[in-house]
Amino acid sequence: MSQEGSTIQGKHQQVPLKVLAIGSAYEDTILYVDKFPPEDGKQRAQKVEKRRGGNAGNTLTVLSQFPLTQGYFMASMASKDASAFILQDFEIHNIKTSTCIFRSNAELAPVAYIIYADNTSSRTIINYNSIDELTFEEFKRKFEAACVEEVVDTLNNDLPFNWIHFEGRNAVEVAKMIDYIGTKVWRPRTKISVELEKPYRRGLETLMSRADVVFFSKVFAEGKGYDHAGDFLQVMSPFCKNTAHLFCTWGSSGAMCYHNPTRKLFTASALPIQSVVDTVGAGDTFSAGVIYGLTQGMTPEGCLKFACELAGRKCAQVGFDCLV
Ligand code: ADP
């Protein structure tokens with residue numbers, strides 16, 4: 001896989017990465033069917049899979065495959081017992097979860113049922129999440145504890161995390177979290193990214209101006225009335241930091257990046273793949289590619305291409321393992 005002329009191998013990576021990602025984790029059940037079921041009908045699935053899901057955790061799963069990379073996941077979760085499947089999967093992928101909050105009265109982890117229709121390659125998701133969102137106070141408590149641990153861990157290097165990534169969820173609380181990180185002396189050496197995926201989540205726009213990197217989804221852009229990633233990014237750019245990188249993915253059409261410092265727009269095509277096998281988490285894989293690329297000093301254009309390749313490879317296989 002190209003990394004501006006080189007391949008992703010341990011020997012090419014120069015910068016160790018500690019990434020904290022804040023979001024939510026799901027138990028996903030994926031039903032593969034020939035065609036989407038008619039309402040009130042009955043149908044057999046060809047295959048069923050159970051996986052850990054949730055955007056921020058997916059991004060960490062991909063990042064954890066790069067050498068010298070440590071992921072930390074933060075979310076408000078159900079009780080530890082109810083979260084056992086999710087926690088075990090994080091552990092398998094060497095992603096730390098000591099930064100999570102467990103709600104002992106919540107006996108059901110968030111679940112998602114994903115119907116994959118073979119004839120149209122459509123992906124229909126129904127989810128249920130009754131866990132109260134992470135509050136700023138909870139974030140602060142876990143974050144401070146993690147900072148102390150990590151600073152000790154890195155032998156007095158006072159940078160606990162190189163990158164902090166937020167799933168844009170409860171905007172009011174996330175804004176406070178980002179502002180709080182802004183009070184740290186090490187903040188200028190850490191990048192903050194925010195994913196704006198769901199157009200119906202209120203107030204997400206307030207997060208744009210706070211992040212160094214903003215990931216927009218096609219659904220979000222369309223929800224704002226745009227049918228072209230480039231037009232959308234150009235309109236969003238004045239609302240972002242003048243140092244920001246803005247990305248917008250567009251499914252099988254690839255993705256675009258608007259680089260605010262130079263006001264340049266870059267385009268990358270999707271990786272041509274023979275057969276699309278599984279697109280669940282393609283956008284999360286793209287985000288991992290960008291985070292990795294930017295920390296390793298790739299140009300915005302190189303990074304965009306790299307992320308599209310990584311996401312394309314993901315679409316050509318089931319799950320996230322062995323992408324790197
Ligand atoms: P999401 O998973 O958030 O809906 P997208 O569907 O926009 O995200 O996909 C993210 C990225 O994954 C795209 O920018 C593209 O690079 C890659 N991708 C998605 N679908 C395909 C496809 N059919 N073929 C090749 N690459 C794809």
Using ring pair (Phe, Tyr, Trp, His ring centres under 6.0 Å), reason through His245 and Tyr258 one step at a time and then give a plain yes or no. CA-CA 6 Å; His245 292 66; Tyr258 191 81; over 10 Å; no
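The pair Glu27-Arg52 does not count as a salt bridge, with every side-chain nitrogen at least 4.0 angstrom from each carboxylate oxygen. Ion pairing of Asp212 with Lys241 is present here, as a side-chain N (NZ or NE/NH1/NH2) and a carboxylate O approach within less than 4.0 Å. A salt bridge links Arg210 with Asp179; the closest basic N to acidic carboxylate O contact falls under 4.0 Å. Ion pairing of Lys224 with Glu222 is absent here, as no side-chain N (NZ or NE/NH1/NH2) approaches a carboxylate O to less than 4.0 Å. For the pair Asp278 and Arg123, the salt-bridge criterion is not met [side-chain N within less than 4.0 Å of a carboxylate O]. The pair Glu137-Lys142 fails the salt-bridge criterion, with no side-chain N (NZ, NE, NH1 or NH2) lying under 4.0 Å from an Asp/Glu carboxylate O. With salt bridges taken as basic N to acidic carboxylate O contacts below 4.0 Å, none links Arg141 and Glu138. Taking the charged nitrogens against the carboxylate oxygens, Glu144 and Lys140 have no contact shorter than 4.0 Å, which rules out a salt bridge.
Looking at Ser24 and Arg169, their side chains do bring a donor and an acceptor atom within 3.5 Å of each other. Thr279 and Tyr116 share a side-chain donor-acceptor pair at under 3.5 Å. In summary, the side chains of Trp163 and Thr295 do not present any donor paired with an acceptor at a separation below 3.5 Å, with no hydrogens or angles considered. Side chains of His93 and Ser64: a donor-acceptor N/O pair is absent below 3.5 angstrom, by distance only.
Using modelled atom types, one side-chain atom of Gln317 and one backbone atom of Gly319 make a donor-acceptor pair closer than 3.5 Å. Checking side-chain atoms of Thr59 against main-chain N and O of Asn55 turns up a donor-acceptor pair under 3.5 Å. Remark: side-chain polar atoms of Glu167 are not paired, donor with acceptor, to backbone N or O of Gly57 under 3.5 angstrom. Under the 3.5 Å distance criterion, the side-chain polar atoms of Ser217 are matched with a main-chain donor or acceptor of Glu197.
For the pair Tyr128 and Tyr26, the tightest heavy-atom approach, listed with the atom from each and the gap, is O-CE2, 4.1 Å. When every heavy atom of Tyr180 is checked against every heavy atom of Thr183, the shortest pair comes out as O-OG1, 2.6 Å. Between Leu159 and Lys18, the closest heavy-atom pair is O-NZ, 3.6 Å.
Here the CG atom belonging to Leu196 is positioned 11.0 Å from the NZ atom belonging to Lys198, to the nearest 0.5 angstrom.
None of Asn119, Thr120, Asp118 except one satisfies the side chain to side chain contact (heavy atoms under 4.5 Å, CB included) rule with Ser122; the exception is Thr120.
Here Phe216 and Phe247 keep their ring centres 6.0 angstrom or further from each other.
Using a 4.5 Å heavy-atom cutoff, the side chains of Arg51 and Ile30 are in contact.
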